Amino acid sequence: MNQPTSRMLSRVKAVYLYIRDNGTVSTSELAEEFGTTDRTVQRDLNVLEYNGLVRSPHRGRWKTTSKPVKLP
């Protein structure tokens, strides 16, 4: 796996864990926490949403789903 892909997957995992631990959070809050742009966070959230791990019941607010997740 190349370096950018590995870094992105690590960030996606960290974003998921942050949402799981903090409850409902905003895209802007995530961008500030991880030192990235809103657009970068949105791409990460799209990956998580596609896999059924997060959802946005209110525009720009994210929370985890009840889908079971096995973390190494």
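Position 1 is the first residue of the sequence, and the numbers go up from there. In this text, all values refer to a predicted model and were calculated from it rather than measured experimentally.
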Residues passing the side chain to side chain donor-acceptor pair (under 3.5 Å) test with Thr27, sequence neighbours excluded, are Trp62
*Would you check if Thr64 and Leu53 make a side-chain contact, meaning some heavy-atom pair closer than 4.5 Å?*
no
- Query: Quick check: are there more than 12 heavy atoms from other residues, nucleotides or ligands sitting under 6.0 Å from CD of Glu32?
  - Reply: no
So ring pair (Phe, Tyr, Trp, His ring centres under 6.0 Å) across residues 9-42, not counting sequence neighbours, yields Tyr18-Phe34
request  = Measure the shortest side-chain to side-chain distance between Leu48 and Val12 over non-hydrogen atoms and say whether it is less than 4.5 angstrom.
outcome  = yes
So the side chain to side chain donor-acceptor pair (under 3.5 Å) pairs with at least one residue in residues 34-56 (sequence neighbours excluded) are Arg11-Asp44, Thr37-Thr40, Thr40-Arg43, Gln42-Asn46
If we only count heavy atoms from C-beta on, is the Leu30 to Ile19 side-chain gap below 4.5 Å? yes
Hits for side chain to side chain donor-acceptor pair (under 3.5 Å) against Arg61, two or more places apart or cross-chain, chain-then-number order -> none
NZ of Lys63 to NE2 of His58, rounded to nearest 0.5 Å, is 7.0 Å
